[in-house]
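Basis for what follows: all heavy atoms, side chains included, without hydrogens, waters or symmetry-related copies. Proteins get letters first, then strands, A, B, ... in listed order; numbering begins at 1 in each.
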There are 2 protein chains.
Amino acid sequence: MKGKATSFDIAHYAGVSQSTVSRALRNSPLVNEETRRRVHEVAKQLNYKVDKNASNLRTQQSSTLALLLFEDPTSDESQINPFFLAMLGSITRACAKEGYDLLVSFQSSSSDWQADYEDSHRADGLILLGYGDYLDYQPKFKTLIDQHTKFVCWGASVDNRPDLTVSCDNYGGGKLAAEHLLATGRTDCAFIGDASDHSPEFFARYQGFKDAFLAKGVALNERKMANAISTEESGYHATRSLIANNIRFNSLFAASDLIAIGAIRALKEAKIKVPDDVHVVGFDNIAVASFVNPPLTTVQQDTTLAGQMLVDNLLKLIRGEDVKNTLLPPRLIIRGSSV
Amino acid sequence: MKGKATSFDIAHYAGVSQSTVSRALRNSPLVNEETRRRVHEVAKQLNYKVDKNASNLRTQQSSTLALLLFEDPTSDESQINPFFLAMLGSITRACAKEGYDLLVSFQSSSSDWQADYEDSHRADGLILLGYGDYLDYQPKFKTLIDQHTKFVCWGASVDNRPDLTVSCDNYGGGKLAAEHLLATGRTDCAFIGDASDHSPEFFARYQGFKDAFLAKGVALNERKMANAISTEESGYHATRSLIANNIRFNSLFAASDLIAIGAIRALKEAKIKVPDDVHVVGFDNIAVASFVNPPLTTVQQDTTLAGQMLVDNLLKLIRGEDVKNTLLPPRLIIRGSSV
DNA sequence: TGATATTATGACACCGGTGTCAGATTAGGA
DNA sequence: TCCTAATCTGACACCGGTGTCATAATATCA
């Protein structure tokens with residue numbers, strides 16, 4: 001046998017027509033039990049596998065989803081945000097569970113990442129994942145919608161289509177962090193992140209945080225804020241600049257764990273003790289969080305559930321079913337950095 | 001325009017035949033420059049994308065590689081070894097660079113992971129990645145070879161086909177670790193890992209380590225070894241059992257960073273100070289390593305290069321070119337856990 | 001001007017399945 | 001025994017491209 005076996009080969013050996021082979025292998029009720037058995041038998045012997053290209057071509061669907069991970073262009077090429085890596089793991093598993101394959105692709109946010117996966121019938125739908133400047137993305141989202149591309153999005157809200165977004169309740173998560181700091185009596189708080197509409201996720205975290213403070217009659221000092229993207233480096237520099245400007249605080253809320261870890265490094269360097277002098281709370285609960293010193297108090301996003309929801313919603317979209325706006329509950333994980 | 005545009009639509013609007021469209025879009029020298037331009041023009045307007053299924057079906061290749069990540073079944077479902085996540089990142093990038101798509105799939109090592117990707121023409125070749133008991137895999141490797149499946153493997157050596165393996169020089173890495181500990185004067189060393197042929201990577205690390213000690217006339221004490229798989233938990237328990245058995249040592253070499261991190265936890269718990277009482281060296285240089293307390297001295301595997309080599313070798317294999325056995329140089333990263 | 005080479009294009013088979021339709025065979029009922 | 005229904009199977013068109021071959025149109029040269 002040279003080359004791979006085709007359904008015609010099976011047909012030949014099983015003494016039936018190719019049509020029957022196709023039906024038998026898909027367990028169509030139309031074929032006789034005995035025939036079905038024989039066909040399966042031969043197929044197994046010849047190690048036959050359906051040619052997905054042919055099958056997909058005919059049925060016009062691919063049983064494949066594509067994950068586009070777009071990263072902040074300023075972040076280091078070699079280091080991928082561990083939070084997304086965790087998401088990737090759960091998405092992969094969720095896909096497998098649903099019988100879908102997963103194409104993975106990293107995109108720099110500048111490039112033409114509406115990519116051709118769906119248009120070229122490589123994938124039935126897209127999952128978009130990434131931090132970064134969402135204003136850049138809105139026009140691309142629009143293009144996708146115009147082209148009727150099926151996609152879901154982590155975190156980023158898509159104008160007029162909240163059903164396309166799966167997100168952690170960032171606002172609620174920010175509140176959790178605030179209430180925790182308030183409970184420990186640390187009301188003089190700094191915020192490191194990006195409280196603009198360029199990063200809606202960070203912004204929502206900040207809003208929730210601020211509102212929880214306001215509810216207790218404590219106003220956040222706008223000066224005690226510094227911008228940072230979600231990298232350790234960025235968190236480090238932002239915090240250093242606060243310290244350099246002689247800004248004082250006894251607690252710090254970072255918009256992500258990576259930022260928090262960078263912040264802790266800056267604090268340590270300035271001989272400011274965590275948690276004694278400053279309580280630190282992060283966001284994400286990446287794997288590293290429990291290993292840093294001190295272990296990081298953080299708001300957990302349930303990546304397993306998130307991956308599952310992304311896949312579920314996308315499949316519903318593909319099947320034309322109704323999809324609801326999806327918000328996942330955050331959970332506070334208290335560790336040494338804040339007690 | 002209902003549905004996606006096909007090459008016939010382009011042909012219609014450009015006033016040429018479908019054949020010419022196909023040629024023009026692939027920039028065949030056979031088509032007239034003016035025609036080519038017009039066809040591209042129309043294609044762009046209709047947002048036409050080549051149907052990969054049709055194209056792949058005809059050309060009998062997919063421009064896709066599949067990454068099969070098989071994990072130790074005992075490891076926690078939700079936590080993926082960060083080392084592999086890093087590899088995944090670099091493999092993805094390497095694929096993109098070569099113009100290949102990447103299918104990602106997690107396999108539990110028990111399942112039928114010779115998977116159908118290649119047989120079903122979903123992928124042109126496989127990349128296998130995973131820790132675990134390699135004896136389990138050998139028969140599966142054999143099946144793959146028998147079926148002429150193109151694949152490469154990280155770490156695991158495939159009998160008689162060393163060209164199919166890309167690996168870090170684990171033996172050399174073990175030596176690096178040993179020489180470092182010897183240089184710091186800590187010759188009474190424990191080893192946590194698996195020094196059997198069930199995990200050839202760990203075994204090689206141990207061998208290199210042992211040989212370097214022997215070269216200095218120091219023999220390792222066989223009793224100061226404990227088995228562990230590559231998880232924090234496992235490293236923790238293995239180290240605890242050594243301590244519980246009253247086994248003393250002033251340095252410790254862990255077969256992987258995760259194990260080392262678990263070991264440090266066990267040591268701390270037993271009030272044994274790192275690095276004062278015990279120097280610890282790990283292997284992998286996962287992202288966490290620099291954040292633990294104390295920062296972990298470790299042997300770095302260059303994941304970027306590794307991913308690139310895996311992809312390069314696999315593509316060579318697919319193209320029928322000659323592939324050499326590939327061994328990547330390790331590098332010692334000295335941090336606080338051993339000085 | 002006629003013969004030949006060159007260039008550009010269209011017609012058509014083909015890749016390997018899936019779905020439809022028609023027809024053969026057997027069973028069931030009168 | 002004949003007719004209709006139920007069951008099973010094969011022939012065939014089709015999905016949307018790619019590659020081969022034939023041929024028309026134009027250029028080249030004697």
Side-chain angles (χ1 to χ4, degrees), chain A residues 1-40 42-43 46-64 116-124, chain B residues 1-40 42-43 46-64 116-124:
Chain A
M1 171 70 57
K2 64 301 221 146
K4 309 234 185 266
T6 73
S7 54
F8 281 94
D9 298 322
I10 315 280
H12 177 75
Y13 287 106
V16 294
S17 77
Q18 183 270 336
S19 306
T20 302
V21 170
S22 175
R23 277 188 291 255
L25 291 177
R26 281 172 299 138
N27 296 319
S28 157
L30 289 178
V31 316
N32 182 286
E33 173 58 24
E34 153 65 13
T35 316
R36 200 187 63 76
R37 235 194 14 72
R38 198 166 70 249
V39 169
H40 271 96
V42 177
L46 298 189
N47 192 42
Y48 169 81
K49 297 284 154 47
V50 175
D51 184 316
K52 288 280 190 182
N53 288 316
S55 172
N56 291 343
L57 173 58
R58 181 64 228 242
T59 58
Q60 298 292 25
Q61 43 126 347
S62 62
S63 292
T64 300
D116 315 325
Y117 287 119
E118 207 244 4
D119 292 324
S120 64
H121 293 276
R122 292 302 315 260
D124 297 332
Chain B
M1 172 69 56
K2 64 301 223 147
K4 311 235 184 264
T6 73
S7 53
F8 281 94
D9 297 323
I10 316 280
H12 176 77
Y13 286 107
V16 294
S17 76
Q18 182 272 336
S19 307
T20 302
V21 171
S22 174
R23 278 189 290 256
L25 291 177
R26 280 171 301 136
N27 296 319
S28 157
L30 289 177
V31 315
N32 181 287
E33 173 57 23
E34 154 64 12
T35 316
R36 200 187 62 76
R37 233 192 19 69
R38 199 167 69 249
V39 168
H40 272 96
V42 176
L46 298 190
N47 192 42
Y48 169 81
K49 297 284 154 46
V50 175
D51 185 317
K52 287 280 188 181
N53 289 314
S55 170
N56 291 344
L57 172 59
R58 181 65 228 244
T59 58
Q60 299 290 30
Q61 42 126 346
S62 62
S63 292
T64 301
D116 315 325
Y117 288 118
E118 208 245 3
D119 293 323
S120 64
H121 293 275
R122 292 302 314 260
D124 297 334

Using a cut-off of strictly less than 4.0 Å between a heavy atom of the residue and any atom of DNA chain C, enumerate the qualifying residues of residues 19-30 of chain A by number. A:S19, A:S22, A:R23, A:R26
Out of curiosity, B:H40 NE2 to B:T35 OG1, how far, rounded to the nearest 0.5 Å? 12.0 Å
Angle between the two end axes of the helix from C:dT1-D:dA30 to C:dA30-D:dT1, five base pairs per end, rounded to 10 degrees? 50°
Which comes earlier along DNA chain C counting from the 5' end, the contact point of B:G15 or that of A:D51, where each point is its nearest nucleotide? B:G15
Grab the CG-C1' distance between B:N32 and D:dA24 for me, whole Å please. 15 Å
From CZ of A:R38 over to C1' of D:dC8, roughly how many Å is that when rounded to an integer? 13 Å
Over all heavy atoms of both residues, which pair between A:A11 and A:S17 is shortest? Give the atoms and the distance, please. CB-C, 3.7 Å
Test item: A:S120 and B:V50 side chains (from C-beta on) under 4.5 Å apart, heavy atoms: no
List the residues meeting side-chain contact (heavy atoms from CB on, under 4.5 Å) with B:D51, not counting sequence neighbours, and say none if there are none. A:L57, A:Q60, A:H121, B:N53, B:A54
Would you say the side chain of A:V21 lies within less than 4.5 Å of the side chain of A:Y48, judging by non-hydrogen atoms? no
Where B:T64 and A:R122 come nearest, the two heavy atoms and their spacing: OG1-NH2, 2.9 Å
Pairwise 5' ranking along DNA chain C for B:R36 and A:T59, keeping only the more 5' one: B:R36
Using a 4.0 Å heavy-atom cut-off, does A:Q18 contact any base of the nucleic acid, only the sugar-phosphate backbone, or nothing at all? base
So A:L46 and A:Y13, do their side chains get closer than 4.5 Å, heavy atoms only? yes
Residue set satisfying salt bridge (Lys or Arg N to Asp or Glu O under 4.0 Å) with B:R37, at least two apart, ordered chain then number -> B:E34
Using a heavy-atom cut-off of 4.0 Å to chain A, what are the terminal contacting nucleotides of DNA chain C, in 5' to 3' order? C:dG16 to C:dT20
A:R38: which of A:I10, A:V16, A:N32 passes side chain to side chain contact (heavy atoms under 4.5 Å, CB included): A:V16
List in chain and number order the residues that pass salt bridge (Lys or Arg N to Asp or Glu O under 4.0 Å) with B:R36, two or more places apart in sequence or in another chain; answer none if no residue qualifies. B:E33
Heavy-atom pair with the smallest gap, counting every atom of A:S63 and A:D124: N-OD2, 2.9 Å
